[in-house]
Each structure stands twice: as structure tokens, then as C-alpha cells.
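Scroll down for the structure; my scribbles are underneath it.
Throughout, protein chains are lettered first and strands after them, A, B, ... in sequence-line order, and every chain is numbered starting at 1.
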Amino acid sequence: MRIVTWNINSLRLRLPLVERLVGALNPDVLCLQETKVEDGLFPHEALAALGFAHRAVVGMKGYNGVAILSRLPLGATTAKRWCGRKDARHLAVRLPGDIELHNFYVPAGGDIPDPAANDKFAHKLSFVEEAARWWARQKQRGARRVLVGDLNIAPLEHDVWSHKQLLDVVSHTPAEVERFARWQESQGWVDAVRHFVPADQKLYSWWSYRAHDWVASNRGRRLDHIWVSPVLQPSLERAIVLREARGWPQPSDHVPVSIDLAAD
DNA sequence: ATGGTGGATGCTCCA
């Protein structure tokens with residue numbers, strides 16, 4: 001089973017790129033973030049025509065929004081609120097094979113890495129703290145779980161183009177990275193992409209729109225993640241970061257990240 | 001050190 005996560009930065013604008021993604025990766029399950037579309041305007045027909053017969057959606061007007069599109073039947077769907085807000089940042093579904101799949105869009109956190117001076121950064125820290133606490137309370141440690149999404153944090157030194165220069169840049173600050181680590185430890189989550197790509201190798205999933213030439217400057221960050229519960233680690237077959245998607249016409253600033261899980 | 005671009009919206013927010 002192939003599961004792909006992608007911050008698409010407006011689903012309706014980039015529907016043609018979903019078709020292109022299907023051509024490139026043919027996901028069984030596609031998790032999107034920043035769909036930026038309210039549920040009543042969600043392009044169900046176009047996605048059904050691409051083979052995604054099963055869809056779970058939670059959106060809002062203009063901002064945020066997540067969706068899970070699937071060729072396989074989806075079981076029970078839940079959308080949890082975080083930090084007491086109804087801001088469409090989470091969806092969970094049950095997949096065939098008794099897999100619980102969670103799709104997250106973590107707040108970006110604004111520009112100033114100081115929770116006292118920047119409410120958005122405070123919200124981001126609270127969100128990750130709450131996620132870590134919530135997951136620490138979830139028992140059934142042997143459960144088959146996959147967690148994907150734009151987590152908006154690049155935790156490792158080689159998840160950013162310059163560790164030193166990004167230590168005080170939102171997405172790579174110690175305050176974020178420590179909380180991210182606590183979240184990951186909360187269930188012993190396995191970083192499914194770093195399982196295949198050594199930690200000393202640079203790996204990015206996002207390149208800013210603000211670069212004149214994203215290829216030449218290559219100042220990327222790895223903000224998009226796929227985690228699996230420990231019991232699923234032996235089922236990991238492959239991970240792909242589809243760098244070429246950043247060069248597609250009118251691209252998202254994020255690229256799709258994919259894993260293959262062995263059927264069993 | 002600064003400002004750079006892109007998307008949705010509607011005279012500005014968010015990333």
C-alpha cells in the first residue's frame with residue numbers, strides 16, 4: 001500500500017497537479033494539507049474521476065484544510081480539534097489492514113520565534129505539546145498506526161540547508177525541535193523516511209517561493225513527515241520524496257512524500 | 001540586514 005502526503009497549497013488551483021501526481025506515484029491513499037476549500041466546494045467529482053472513490057474531508061474558507069483521498073475503503077473518520085480551535089488541521093481514518101491513519105497540518109508559527117511576542121508561535125508550540133500529551137495517553141501500543149502531514153518542523157541538522165543559520169528561524173528552533181521529539185517519543189513513532197535516508201544526508205520537502213532560483217540556492221527544509229508505529233516498521237518497503245514536483249508548472253512550495261507498506 | 005513570492009480574499013491575511 002502506497003501512502004502519500006502533500007501540502008498542496010490550494011487544492012482547486014492545483015487539481016491538474018493531482019493528476020500529475022497520480023501519474024508519477026499512483027498513491028493508494030493521498031493525504032493533503034492546505035486544501036484551502038470549504039467542504040461545500042470540495043471538488044469531489046474531479047477526484048473521484050482520478051480513482052479516489054473514498055474521501056474524508058475537513059476544510060474551511062481560505063485557510064488550512066486537510067483531506068484523505070483513497071482508492072481503498074475508508075473506515076471510521078474523526079476530525080479532532082486542537083488548542084480548542086475548529087481550524088481543520090487533523091483527520092483520522094481507518095484503512096484496510098486495521099491501520100489507523102492520521103493526517104496533520106501543524107500551524108506554521110509566523111516569523112518571530114518568541115511565544116511572548118508572537119501568538120502564532122505560541123499556538124504552534126501549544127499544538128505540538130497537546131499532540132504529544134494526547135498521543136502519550138493513547139494506549140494500545142501495538143496498534144498499527146501511520147501519522148503523516150505537514151508538521152512544519154525540520155527536526156534534524158540535515159533536514160535544513162544550514163543548521164547554524166536556522167537555529168533561530170521558525171521551523172528549526174530548539175523549542176520546536178524539543179517538542180517535536182516529545183511527540184515522536186509519545187508512541188515510539190518511527191520516522192519512515194529517515195528509515196531509508198541516513199541522517200547525515202540532506203533531505204528537504206519544501207523550498208520557499210521567495211528564492212529566485214530554488215534549484216540553484218537549494219535552501220530547503222524537511223517539513224513534511226511520515227511516521228509509523230513500531231509494529232509497522234518491518235513493513236516499510238520504500239520511501240520517496242518527489243523533489244521533481246517542485247519544478248512542475250505553478251507548483252506547491254511543498255513536494256509529495258511517499259511510503260510503501262507491505263501488505264500482510 | 002533585508003526582502004524576496006504565492007494563494008485566497010476583497011481594500012489584508014497567511015504561509
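- Spacing between atom CG of A:L41 and atom P of B:dG7 amounts to 19 Å, rounded to whole angstrom units.
- Comparing B:dC14 with B:dG10, their C1' atoms are spaced 15 Å from each other, to the whole Å.
- With distances taken from any side-chain atom of A:R89 to the nucleotides B:dG6, B:dA15, B:dA8, the minimum falls on B:dA15.
- In this structure, A:N64 atom CG and B:dC14 atom P are separated by 10 Å, rounded to whole Å.
- In this entry the distance linking CG of A:D87 with P of B:dA15 reads 10 Å, nearest Å.
- Remark: P of B:dG7 and CD of A:E38 are 19 Å apart, rounded to the nearest angstrom.
- Note on A:R14: only backbone sugar-phosphate atoms sit closer than 4.0 angstrom, heavy atoms only; bases stay farther off.
- In this structure, A:N118 atom CG and B:dC14 atom P are separated by 10 Å, rounded to whole Å.
- For the side-chain contact (heavy atoms from CB on, under 4.5 Å) with A:S258, the lone residue among A:V4, A:L242, A:V193 that qualifies is A:V4.
- In the set B:dT9, B:dT5, B:dC13, B:dC13 carries the atom at the smallest distance from any side-chain atom of A:Y63.
- The CH2-P distance, from A:W214 to B:dG6, rounds to 14 Å in whole Å.
- Side-chain to base pairing of A:R210 with B:dA15: one donor and one acceptor N or O lie within less than 3.5 Å of each other.
- Note that A:R222 lies outside the cation-pi zone of A:W206, set by a 6.0 Å cut-off to the ring centre and a 45° limit from the axis.
- Spacing between atom CG of A:L13 and atom C1' of B:dA15 amounts to 15 Å, rounded to whole angstrom units.
- Comparing B:dT9 with B:dA15, their C1' atoms are spaced 15 Å from each other, to the whole Å.
- In this structure, A:F180 has its ring center under 6.0 Å from that of A:H225.
- For the pair A:R71 and A:F52, the cation-pi test (distance below 6.0 Å, angle within 45°) is passed.
- Between A:L11 and A:H212, the residue anchored nearer the 5' end of DNA chain B, judged by the nucleotide with its closest heavy atom, is A:H212.
- With DNA chain B read from its 5' end, the first of the two nearest nucleotides for A:G109 and A:T35 is the one closest to A:T35.
- When distances are taken from the side chain of A:E34 to each of B:dG10, B:dC13, B:dA15, the shortest belongs to B:dA15.
- Residue A:K120 places at least one side-chain N or O under 4.0 Å from the OP1 or OP2 atom of B:dC14.
- Listed candidates were B:dT9, B:dG7, B:dA15. Nearest to the side chain of A:Y105 is B:dA15.
- Following rounding to the nearest Å, A:H254 (NE2) and B:dT5 (P) show an atom-to-atom distance of 18 Å.
- Here A:K124 pairs with A:E176 in a salt bridge; the nearest charged N to carboxylate O distance falls below 4.0 Å.
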